[in-house]
Number of protein chains: 2
Amino acid sequence: MSDWLDEVPWNDVGLVAAVAQDAASGRVLTVAWMNREALQQTAETKQAVYWSRSRNRLWRKGEESGHVQKVLELRLDCDADAVVLRVEQAGGIACHTGRESCFYRKLENGRWVTTDPVLKDPSLIYRK
Amino acid sequence: MSDWLDEVPWNDVGLVAAVAQDAASGRVLTVAWMNREALQQTAETKQAVYWSRSRNRLWRKGEESGHVQKVLELRLDCDADAVVLRVEQAGGIACHTGRESCFYRKLENGRWVTTDPVLKDPSLIYRK
């Protein structure tokens, strides 16, 4: 049964916007994209799987960093062009820069100001 | 000064995804789109202005319903393809269906289930 996937009006390149929000703090961690397969796998595995537009392939969030997103809840909006995931963020780090959230810049007096600390050096996260 | 607008890599149709989140509850209310002018007006007026893809024009959120979003904070993500707005939602209703949030459907056992009540009849919100 995947009728629920048919209710998503995939955009002209087959994607839907996906907002991941920390289930505990409510903080928006990441905004990424899912295709049909990514959304299906996310629902089945209860771990966030996105479509990487830069790499042009499925992207299991945390596959390199270990910073997986355990999905507690999936929601769809009224016009069905976005989903919200309530997640538990492994390591407390969602961003490839080593920060809690990708939204670490805030508009202040006409400038994007970095307000959030790097919690872990990315070179330690992504060493091979 | 609008250098900060140049830091947004507007997509191929000149838009960026915009997530509005209730500043008090943390609930994700809406996901919509902004073009450069919408983001600039949002920052200047401290009220959410989007680009309506269906109407192909600027959309001052609440212009018909009165359900404006007062913007307390604007954040940009690491690859700058999405912004998050922390807002105060007038009337406590963000969705055109009369619900608090547009994300009123939850995936349960392979179905999108409506979990949130209609707080106000849309016909009372949008009467002319």
Side-chain angles (χ1 to χ4, degrees), chain A residues 1-5 7-8 11-13 16-33 39 42-44 53-54 71 73-86 94-97 99 101-116, chain B residues 1-5 7-8 11-13 16-33 39 42-44 53-54 71 73-86 94-97 99 101-116:
Chain A
M1 288 292 288
S2 54
D3 295 350
W4 64 278
L5 288 165
E7 291 183 50
V8 178
N11 75 8
D12 53 353
V13 289
V16 68
V19 179
Q21 175 178 40
D22 187 281
S25 71
R27 179 119 195 231
V28 175
L29 301 174
T30 51
V31 172
W33 297 86
L39 182 54
T42 296
E44 284 174 4
R53 294 178 301 172
S54 57
V71 177
E73 188 181 274
L74 257 172
R75 286 185 171 268
L76 182 67
D77 73 349
C78 49
D79 56 359
D81 65 352
V83 293
V84 166
L85 294 69
R86 288 184 56 240
C95 186
H96 76 288
T97 63
R99 294 183 175 87
S101 162
C102 292
F103 293 88
Y104 57 80
R105 288 184 287 177
K106 183 176 161 181
L107 189 63
E108 285 183 359
N109 304 315
R111 285 177 56 228
W112 296 111
V113 176
T114 296
T115 56
D116 297 15
Chain B
M1 288 293 288
S2 54
D3 296 350
W4 63 279
L5 288 165
E7 290 183 50
V8 178
N11 75 8
D12 54 354
V13 290
V16 68
V19 179
Q21 176 179 39
D22 188 280
S25 71
R27 179 120 195 230
V28 175
L29 301 174
T30 51
V31 173
W33 297 87
L39 182 54
T42 296
E44 285 174 3
R53 294 178 300 171
S54 56
V71 177
E73 188 181 274
L74 257 172
R75 287 186 169 267
L76 182 67
D77 72 348
C78 50
D79 56 0
D81 66 352
V83 293
V84 165
L85 293 70
R86 288 183 57 241
C95 187
H96 75 288
T97 64
R99 294 182 175 88
S101 163
C102 293
F103 293 88
Y104 57 80
R105 288 184 286 177
K106 183 175 160 182
L107 188 64
E108 285 183 359
N109 304 315
R111 285 178 56 227
W112 296 110
V113 177
T114 296
T115 57
D116 297 16

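Residue numbering restarts at 1 for every chain, and letters A, B, ... go by the order of the sequence lines.
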Nearest non-hydrogen partners of [X] and [Y], listed with the distance:
X        : Y        : answer
B/Phe103 : A/Ala82  : CE2-O, 3.3 Å
A/Trp4   : B/Trp112 : O-NE1, 2.9 Å
A/Asp81  : B/Trp33  : OD2-NE1, 4.3 Å

Excluding sequence neighbours, so at least two apart, what forms salt bridge (Lys or Arg N to Asp or Glu O under 4.0 Å) with B/Arg105?
A/Glu7
Output all residues satisfying salt bridge (Lys or Arg N to Asp or Glu O under 4.0 Å) with B/Glu73, sequence neighbours left out; order by chain, then residue number.
A/Lys106, B/Arg75, B/Arg86
Contacting region of A/Asn109 [heavy-atom separation from chain B under 4.5 Å]:
neither
Answer with side chain, backbone, both or neither: which region of A/Thr115 has an atom nearer than 4.5 Å to a non-hydrogen atom of chain B?
side chain
Do B/Glu108 and A/Leu74 make a side-chain contact, defined as non-hydrogen atoms from C-beta onward lying under 4.5 Å apart?
no
Within residues 16-26 of chain B, which residues come under 4.5 Å of chain A, heavy atom to heavy atom?
B/Val19, B/Gln21, B/Gly26
Test: B/Asp77 and A/Arg99 ion pair at under 4.0 Å:
no
Quick one: side chain to side chain contact (heavy atoms under 4.5 Å, CB included) partners of B/Arg111, sequence neighbours excluded?
B/Val113
